[in-house]
**Student:** 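Mind looking over this structure? Questions follow.
In what follows, every heavy atom counts, from backbone to side chain, and hydrogens, waters and symmetry copies are set aside.
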Amino acid sequence: MSYKGKQKRKQSSLDHLDSEIKSFSEYLAKGEEIKLRYCDSQENRPIMLPPAPKQSYIDCYPDLDSDFDIFASDKHKQSCYETEVLVYRALEQLDDNIIVLHNFEYSHHQYRICDKSHIRKDCSQCKGKGGNASNIAECDFIVMGKNYFIIIEVKSMHQDHFKIPDNEVTRTYKSNKPTYKAWRIAQKQIQRTKCLIDGIIEQFFEGKDREKVKIVGISAFPSTPRLFLQTEGITLCKEDFKDFGEWWQTHILDLITSNYVHDDYVHDDFHSKMEKAKAILLAIWCTDKNQCDELKCSLGHSIMAIDEDLRRGMITYASYKNRSRNPSVIEAPDIISNFVGIKYLTAEQFKVLNSDQNLLFINGPAGSGKTVIMLGKILQLALNDKENKVVLVTNIGWNSYTTLYESTFKKAGLLYKVVDWDFKIDELLDKTSISRIVILKADFITCRKLLPRILDYLKLSNAHVFIDDCQGVVYRNIYSVGNLLECFKQLSEMKHVWITCDLTQTTPYSGQDLGNKLTQSFIRDVDPTNIVPLSLNLRNTCDVTNILSILRGLHIASDEDLDIVLPVPKPGHFIHGTRTVIHVISELIIDREHLVVTILNKELDKLTFGSDFSLGFEIGIIYNGSSRASSSQCIEETIDKRFDSNLQLSDSSNCYSAEWPAVIVIHDFARDISALYLEISRARVHCVVILFSTLIDISELDLLSELNNSAKIIRY
């Protein structure tokens, strides 16, 4: 490069620095501002930053024999991410006034907290000045408490490292070289971060006050038994996560407070200095390339970012990875990628999309991709042959997929028309119309007698038939199912007839198996080659999917057809979201309506904090239609008072095709668990449940017990 070129690049770098945070004092000021804005609330402890685990979006890999597992390296990355999430969730459950920073990275060249702005890697001003001159500090977690900083480095070890040869009675960490090596690496990383924190503390504390500030390092091995771990220092092993709260109290809090009397460190000046040290670390965590982004702390911003990845089908973060190595993930065809906006399909979705069956029932839980597959098939038929026409029957529920259908067909350049359920049947396929696709918005309950007539009429046409969300027909209108099934079979002799349903939504759980028997009877009448179950959930986060799996497993009798009727929802990716919160309100509370409104407002405030309203994303509020009239009225009045068009209120009986980035569910436990399943499944990322307790319902006790490790439960 020429001299002028070097000078130009150098000047460009210096110009860029003019807008950057350049000094210790600027980090302190910015950190105090962020801390006041996001971390001083007493309503949500501990403070987790970011509000959801730092994403890695590692694909789900199939379980294969380890001797032939060509995905071992990628599966190890998946395991590393899972263990970090496990630690995140464990810290999240602590009942302590702490701030947790996930994924902390610092380099002296990048952040320059020495009060001197420079662009060179080495700083002469900082050499020999202890921790503040540390070049690099990186750790998975920093926990900031009243008088302590906890540094946690997480390591995931392959299961093969835990195998004890037959000729050895025992094996210790000294003979387990990979584990010992990982422990040593963790110690080095902890020491670098400790050096940084030491340097920051030295700016504020001296003498006895400095001795009161504790810095503790923890090496965490969530998947490793203690037998194979180094015992020096504080080490977290697999067994410790069985009761993490007790472990934290014994090994951290008791250790920190054992040498001090409580009154020794509660004076205002000490606390003020501690808060400044925390503010510096918080500002560094929020800063990337010296540009401080405080929205990293925002719950709403976190939900938006996660939701964007979910909606685009970006189910991996590691862009350098060769996606073709994973048979569970397949690049979506151009018609889906270009017109629907989904970049990747699961292997089971791809197989269904390319099915050659004319008659196909696609049954799957929320988020398994039924609508995406149906849209893909319609596009295939319409774009491959200009003579093909399609009648698409969908429901008129709240926030139905009609908008998605219309936007997709517009992008593909396909002419369509939308008709409501009160249309004239003989005008459904008007020969004078140039529309090739008819979207019929039909309420299956209202038109249970109309639908068979529609299907009879379509026998005389060449239009392919697609019916989305038909569980209302199968379950609620069971007496007409036999007739409908026969119509489907006759139609499919000459054209495609594809039907999607989520039978989980409408099958009672609470001790009544009538719905199961009826839907199972319907399934048995369908040829096995004409029904396909989907199980992988790509719409919701892992956390929501796991809760749905728990709900699906409650109070359902074993049956040979159960996995077909009610496929178990399984995460189709490792995108994690915010933790679900369940507020349980006892029936002994006198003014329950007032408490519901208070909780609802607090939860909405968390979501809309930092913006005039809700940061631009929609929030669904779902309540039971059978709830007390006074409760429903209070909820509606609360929403009206907030003047926020992004708040959308829906009755649970009318939300079966709706979905929102964030959902607040108000559920009366007098209704069956299947209704709760439906309501929670509407949340893509963030879910809060306000649950009216009955105290005597055994199914409620079972539910809360099962969900205790998957959600934060608050009782009133």
**Student:** Is a side-chain donor or acceptor of S302 paired with a backbone partner of S298 at a separation under 3.5 angstrom?
**Tutor:** no
**Student:** How long is the gap from CD1 on I575 to CG on N540, to the nearest 0.5 Å?
**Tutor:** 11.0 Å
**Student:** Heavy-atom distance under 4.5 Å between the side chains of F339 and D334, does that happen here?
**Tutor:** no
**Student:** Shortest non-hydrogen contact from L353 to G376?
**Tutor:** CD1-C, 3.7 Å
**Student:** So, E659 and R684, do they make that salt bridge, N to O below 4.0 Å?
**Tutor:** yes
**Student:** Is it true that the side chains of S368 and N537 contain a donor and an acceptor less than 3.5 Å apart?
**Tutor:** no
**Student:** Tell me whether R436 contacts the main-chain N or O of A382 through its side chain, where contact means a donor paired with an acceptor under 3.5 Å.
**Tutor:** yes
**Student:** Measure the CG-CG distance between L379 and N384 for me, rounded to the nearest 0.5 Å.
**Tutor:** 10.0 Å
**Student:** For T371 and D468, which I'm curious about, is there any donor-acceptor pair between the side chains at under 3.5 Å?
**Tutor:** yes
**Student:** Would you call D527 and K489 a salt bridge, taking side-chain N to carboxylate O under 4.0 Å as the test?
**Tutor:** no
**Student:** Would you mind checking if K351 and E348 are paired as a salt bridge, meaning a charged N to carboxylate O distance below 4.0 Å?
**Tutor:** no
**Student:** Passes side-chain contact (heavy atoms from CB on, under 4.5 Å), T500 versus I467? Steps please.
**Tutor:** CA-CA 6 Å; T500 68; I467 303 178; over 6 Å; no
**Student:** Determine yes or no for a side-chain-to-main-chain donor-acceptor pair under 3.5 angstrom, with Q490 supplying the side chain and C487 the backbone.
**Tutor:** no
**Student:** How close do W660 and S650 get, heavy atom to heavy atom, and via which atoms?
**Tutor:** CH2-CB, 4.2 Å
**Student:** Mark yes or no for whether N354, through its side chain, and F350, through its backbone, hold a donor-acceptor pair below 3.5 Å.
**Tutor:** yes
**Student:** Taking the side chain as everything from C-beta on, heavy atoms only, tell me whether F466 gets closer than 4.5 Å to V390.
**Tutor:** yes
**Student:** Given Y623 and L649, is the side-chain contact (heavy atoms from CB on, under 4.5 Å) satisfied, shown in steps?
**Tutor:** CA-CA 8 Å; Y623 66 98; L649 188 63; 3.6 Å; yes
**Student:** Is there a side-chain contact between L310 and L538 (heavy atoms, below 4.5 Å)?
**Tutor:** no
**Student:** Are the aromatic rings of F361 and F488 close, with centres under 6.0 Å apart?
**Tutor:** yes
**Student:** Roughly how far, to the nearest 0.5 Å, is CG of L360 from CD1 of I373?
**Tutor:** 9.0 Å
**Student:** With no hydrogens and no angle check, do the side chains of Q357 and N530 hold a donor and an acceptor under 3.5 Å apart?
**Tutor:** yes
**Student:** Tell me the closest heavy-atom pair linking E603 and V581, and the distance in Å.
**Tutor:** OE2-CG1, 4.4 Å
**Student:** Using every non-hydrogen atom in the two residues, find where I330 and A347 come nearest and quote the distance to one decimal.
**Tutor:** CD1-CA, 4.0 Å
**Student:** Over all heavy atoms of both residues, which pair between L536 and P571 is shortest? Give the atoms and the distance, please.
**Tutor:** CD2-O, 3.7 Å
**Student:** Main chain of V85, side chain of K54: is a donor-acceptor contact present, judged purely on distance under 3.5 Å?
**Tutor:** no
**Student:** List the steps and the verdict of side-chain contact (heavy atoms from CB on, under 4.5 Å) for V372 and L345.
**Tutor:** CA-CA 9 Å; V372 170; L345 298 178; 4.3 Å; yes
**Student:** Do any N or O atoms from the side chain of N103 and from the backbone of D140 form a donor-acceptor pair under 3.5 angstrom?
**Tutor:** no
**Student:** Please determine, by modelled atom types, if S223 and T83 share a side-chain donor-acceptor pair under 3.5 angstrom.
**Tutor:** no
**Student:** Taking the six-membered ring for Trp, are the ring centroids of H576 and Y81 within less than 6.0 Å of each other?
**Tutor:** yes
**Student:** Are the side chains of I335 and V340 in touch, meaning some heavy atoms are under 4.5 Å apart?
**Tutor:** no
**Student:** Is the shortest side-chain heavy-atom distance between S710 and D543 below 4.5 Å?
**Tutor:** no
**Student:** Using distance alone, with no hydrogens and no angle criterion, decide if E84 and H102 have a side-chain donor and acceptor under 3.5 Å apart.
**Tutor:** yes
**Student:** Please walk me through it: do L414 and I378 pass side-chain contact (heavy atoms from CB on, under 4.5 Å)?
**Tutor:** CA-CA 11 Å; L414 295 171; I378 293 174; 5.7 Å; no
**Student:** Taking the side chain from N358 and the backbone from H496, do they hold a donor-acceptor pair closer than 3.5 Å?
**Tutor:** no
**Student:** Heavy-atom distance under 4.5 Å between the side chains of V154 and P222, does that happen here?
**Tutor:** yes
**Student:** Measuring from atom SG of C687 to atom CZ of R682, what distance do you get when rounded to the nearest 0.5 angstrom?
**Tutor:** 11.0 Å
**Student:** Are the side chain of K296 and the backbone N or O of W285 linked by a donor-acceptor pair below 3.5 Å?
**Tutor:** yes
**Student:** Please round to the nearest 0.5 Å and tell me the distance separating atom CD1 of I439 and atom OG1 of T394.
**Tutor:** 8.5 Å
**Student:** If you measure only the distance, is there a donor-acceptor pair under 3.5 Å linking the side chains of Y344 and E331?
**Tutor:** no
**Student:** So, do L534 and V352 sit near enough that their side-chain heavy atoms are less than 4.5 Å apart?
**Tutor:** yes
**Student:** On a heavy-atom basis, which atom in K370 and which in I362 lie closest, and how many Å separate them?
**Tutor:** CD-O, 3.8 Å
**Student:** What distance separates D651 CG from E679 CD, expressed to the nearest 0.5 Å?
**Tutor:** 9.0 Å
**Student:** Quick one: are V685 and F617 in side-chain contact, heavy atoms under 4.5 Å?
**Tutor:** no
